[in-house]
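Everything on this sheet refers to the single structure shown next.
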Amino acid sequence: MKLNHLVLLGALMTGSGACLAHKDRIITVSAQGAMADIPAEFGPARLEVVFAAPGGKPPVGAVTLWLGGHMTVLPACIVALLPSRQMAHLSATASWYHDENGSLPYYLGIKFAAPKANAERQIEEHVSMLFNLRTARLISIDKVMVDPRAGSEHSSRLQLEQRCSPLQLDAVFDPATAFNAR
């Protein structure tokens, strides 16, 4: 009987980890850029995106993120890489309940999606950015290609050091993050 209890206890202890697995929280971004789902500790949170006129290039003219008393203005060398043409093409997630003692601070993820998939290949693409929730500084930025037919996703670092000056990158990247894009 005691052996059965030990086996049950062991199963419960090892199986409960799946229940505690980390999952990002979906953040609603209003048409005006407000993110009311971000806790007051990090807010108020707002994302201001200036879009080009229809057909204009680049599609995005400016991006400013406010988290509490912190503000980050993305330089033109980064903004030029963003494919979205309207707020409806943006989505956000965040996490503020994981262990920050690891390598990842509390963060806000923002995805700038292209307006439509590549018609010939049905490839969806977006630029994904992670920001530190405490500082509003950029942690990482990637270009992501998704092929829904193949069920695959490929992420690649953008070669920002070839597009932006060190001064521009230092102004927006979180220096405390070990795996930032620099």
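Predicted model, so just to flag it, every value in this text is computed and none were measured. Both backbone and side-chain heavy atoms feed into the values below; hydrogens, waters and symmetry mates do not. Throughout, residue positions are numbered sequentially from 1 according to the sequence presented.
Looking at Y107 and L104, their side chains come closer than 4.5 Å, going by heavy atoms from C-beta outward. The shortest side-chain heavy-atom distance between L169 and P166 does not fall under the 4.5 Å cut-off. You'll find the side chain of Q32 stays beyond 4.5 Å of the side chain of E48, heavy atoms only.
Without hydrogens or angle criteria, R85 side chain to G56 main chain gives a donor-acceptor distance under 3.5 Å. For the pair D142 (side chain) and V144 (backbone), a donor-acceptor distance under 3.5 Å is absent. Without hydrogens or angle criteria, S84 side chain to Q86 main chain gives no donor-acceptor distance under 3.5 Å. Panel note: side chain R137, backbone D170; a donor-acceptor pair is recorded below 3.5 Å. A donor-acceptor pair under 3.5 Å is formed between the side chain of Q168 and the backbone N or O of S165.
Rounding to the nearest 0.5 angstrom, the gap separating the NE2 atom in H70 from the CG atom in L133 is 10.5 Å. Separation of atoms NZ (K143) and OG (S128) is listed at 13.5 Å; rounding is to 0.5 Å. The NE2 atom of H89 sits 13.5 Å away from the CG atom of L82 when rounded to the nearest 0.5 Å. To the nearest 0.5 Å, atom CE of residue M129 and atom CG of residue L47 are 8.0 Å apart. One distance of note links OG1 of T72 with CG of L65; it measures 6.0 Å at 0.5 Å rounding. Distance CG/L81 to CD1/I141: 6.0 Å, rounded to 0.5 Å.
Contact record, V60 with V79: O-CG1, 3.2 Å, taken as the closest heavy-atom pair. Here the closest non-hydrogen pair linking I27 and T93 is CG1-C, 3.8 Å. What you find for W96 and P39 is that their closest heavy atoms are CE2-CG, 3.3 Å. What you find for F112 and P83 is that their closest heavy atoms are O-CG, 3.4 Å. Between V73 and M71, the shortest heavy-atom contact is CG2-CE, 4.0 Å. The shortest heavy-atom contact between M87 and A31 is CG-O, 3.6 Å.
Hydrophobic cluster of L167: no remaining members, since no ILVMFWY side chain lies below 4.5 Å from it.
Considering T135, L138, L130 as possible partners of D174, the one that fulfils the side chain to side chain contact (heavy atoms under 4.5 Å, CB included) test is T135.
Under the 4.5 Å side-chain heavy-atom criterion for Ile, Leu, Val, Met, Phe, Trp and Tyr, W66 and L108 are members of distinct hydrophobic clusters.
The aromatic rings of Y106 and F42 lie perpendicular to each other, with more than 60° between the two planes, well past the 30° mark.
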